[in-house]
Number of protein chains: 2
Amino acid sequence: MAIIEATLVPVQEGVAPLRPRSLPDQAADAIVQAVASGAIRPGERVVEQKLAAALGISRVPVREGLRVLAAQGLVTVTPHRGCRVAEFDEQGLRQLKDVRVALERLAARGASAAYRTNPQATRPLHDVVGQMAALVERGDRFAMSRLDLQFHRALWTVAGNDMLLRLWEAISRHILVIFGLETETERDFAGIYRQHAHLLAVVEAGELAALDEEIEGHIKQLRHMYADQDSQKTR
Amino acid sequence: MAIIEATLVPVQEGVAPLRPRSLPDQAADAIVQAVASGAIRPGERVVEQKLAAALGISRVPVREGLRVLAAQGLVTVTPHRGCRVAEFDEQGLRQLKDVRVALERLAARGASAAYRTNPQATRPLHDVVGQMAALVERGDRFAMSRLDLQFHRALWTVAGNDMLLRLWEAISRHILVIFGLETETERDFAGIYRQHAHLLAVVEAGELAALDEEIEGHIKQLRHMYADQDSQKTR
DNA sequence: GAAAGTATAATTGTATACATTATGGCAATT
DNA sequence: AATTGCCATAATGTATACAATTATACTTTC
């Protein structure tokens with residue numbers, strides 16, 4: 001059987017399959033980044049041609065990127081009337097938080113189970129927490145936000161649920177934007193590090209009730225930070 | 001202020017804004033339908049040009065539809081190597097079920113809260129259940145599956161969480177495919193009707209613990225039905 | 001003077017054409 | 001005999017061109 005034969009072929013270890021990032025992907029990231037950095041404001045109209053020109057590419061990959069973003073809820077697209085960046089009002093944030101809590105619990109439980117099966121499974125999480133610790137001194141806000149997302153992405157990955165991870169792709173983009181839009185209030189870097197370290201410990205402990213509570217508390221902060229800016233909005 | 005003036009303009013009530021379904025959307029639906037009906041098998045390679053030809057359109061809208069399906073996890077796309085329909089193995093089904101339970105709980109709680117605020121909120125759910133009742137006699141398997149999905153879509157809509165509803169769009173497509181692929185074992189139509197009616201009653205009752213349990217039981221059936229076929233798979 | 005009609009510009013939607021990349025077969029080389 | 005290099009083919013990725021739709025400004029009409 002050819003299949004069996006194929007599995008016997010020695011596969012080079014230690015090399016990850018490289019995959020070139022396509023223009024649509026890059027375009028989607030660029031748009032999200034633009035929103036997160038404030039270059040494009042929530043609710044603002046987005047014109048394909050202008051985006052394409054700014055990115056130095058044609059409209060086609062831009063459109064594909066926008067379609068994906070629409071599926072993930074970061075832009076709304078009305079037929080023949082174009083795209084508009086989603087608004088991130090207080091209600092939307094609460095909804096996002098609810099969804100995230102529900103799924104993050106699942107992820108944490110999955111990661112917890114994976115750890116019980118194989119204590120090495122949470123290695124990536126420790127790595128991220130380690131990087132966080134190194135960042136506490138020099139307070140790089142952007143880098144810390146990235147590590148925050150990276151930690152949770154790792155958590156959802158360790159859980160080993162493909163569908164879950166796919167939903168995280170959408171959710172994390174929302175969070176990325178929210179992190180970007182959040183007020184400049186200095187975040188408590190030591191606190192962020194401590195929180196994630198603690199969450200990781202609880203995951204490895206595997207007490208379900210404690211896990212649920214930890215997750216709930218961990219995510220609540222999100223809404224907090226953003227609330228100030230939102231109340232400033234006149235409209 | 002122009003804004004205030006605008007809000008005073010009487011808006012015609014009772015008419016839904018009509019939006020033409022775009023070719024990419026139709027293409028995506030067509031592909032999902034083709035998988036659900038068995039015309040395209042899970043894991044099978046999908047060539048854009050052939051799809052376009054079959055649908056009588058060009059490749060561009062097909063590509064956009066495929067990108068959305070990829071974001072929703074129904075196809076996997078490898079750069080320069082094309083698309084492949086996802087496989088729905090037992091593990092994937094379990095993962096899907098876990099995610100669905102977690103989110104469906106959230107939806108049910110939201111719907112329950114909406115009902116407490118306004119008893120009219122669950123009206124659409126009663127409608128669907130009514131249609132189910134009418135279908136019990138003449139056992140139209142396809143129609144019943146549609147009502148099943150329609151019920152849950154209504155549930156998630158009533159919950160009033162946009163993000164949640166967006167995720168449902170992805171999940172429901174998976175379920176649609178699974179329903180289609182499921183073995184021809186006659187489903188218990190009366191049972192399906194009864195289950196949904198009961199779920200609705202529990203939602204309106206609003207007992208959280210009972211709700212969680214009900215959801216869990218309600219969704220477990222999914223894996224069940226498919227398990228047989230999956231075990232037949234040789235590979 | 002407000003509503004409806006009309007022409008024009010801007011933008012999106014789709015199709016076609018071209019460029020790039022992967023795949024499979026076959027010869028050449030070691 | 002196995003690996004490498006090369007070529008032909010097929011499919012994807014991207015750009016450009018055109019068609020269809022919407023928005024805007026202006027005119028017309030009652």
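Just so it is clear: chains get the letters A, B, ... in the order the sequence lines come, proteins before strands, and each one is counted from 1.
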Apply salt bridge (Lys or Arg N to Asp or Glu O under 4.0 Å) to B:R63 and list each qualifying residue two or more places apart in sequence or on a separate chain. A:E64, B:E48
How close do B:L181 and B:P42 get, heavy atom to heavy atom, and via which atoms? CD2-CG, 3.6 Å
For the residue pair A:H126 and A:H196, is the inter-centroid distance of their aromatic rings smaller than 6.0 Å? no
Under 4.0 Å between a side-chain nitrogen and a carboxylate oxygen: does that hold for B:D29 and B:R21? yes
For the backbone of B:E44 and the side chain of B:R84, can you confirm whether one donor and one acceptor N or O come within less than 3.5 Å of each other? no
Give every pair of a protein N or O atom and an N or O atom of nucleotides 11-17 of chain D that lie under 3.5 Å apart, one pair per line with the distance.
| unit_1 | atom_1 | unit_2 | atom_2 | d |
| --- | --- | --- | --- | --- |
| D:dA11 | O3' | B:R45 | NH2 | 3.0 |
| D:dT12 | OP1 | B:V46 | O | 3.3 |
| D:dT12 | OP2 | B:E48 | N | 3.3 |
| D:dT12 | O3' | B:H80 | N | 3.4 |
| D:dG13 | OP1 | B:H80 | N | 3.1 |
| D:dG13 | OP2 | B:R63 | NH1 | 2.6 |
| D:dG13 | OP2 | B:R63 | NH2 | 3.3 |
| D:dG13 | N7 | B:R59 | NH2 | 2.9 |
| D:dG13 | O6 | B:R59 | NH1 | 3.3 |
| D:dT14 | OP1 | A:L23 | N | 3.4 |
| D:dA15 | OP2 | A:S58 | N | 2.7 |
| D:dA15 | OP2 | A:S58 | OG | 2.8 |

What is the distance from CG of A:L66 to C1' of C:dG13, rounded to the nearest Å? 14 Å
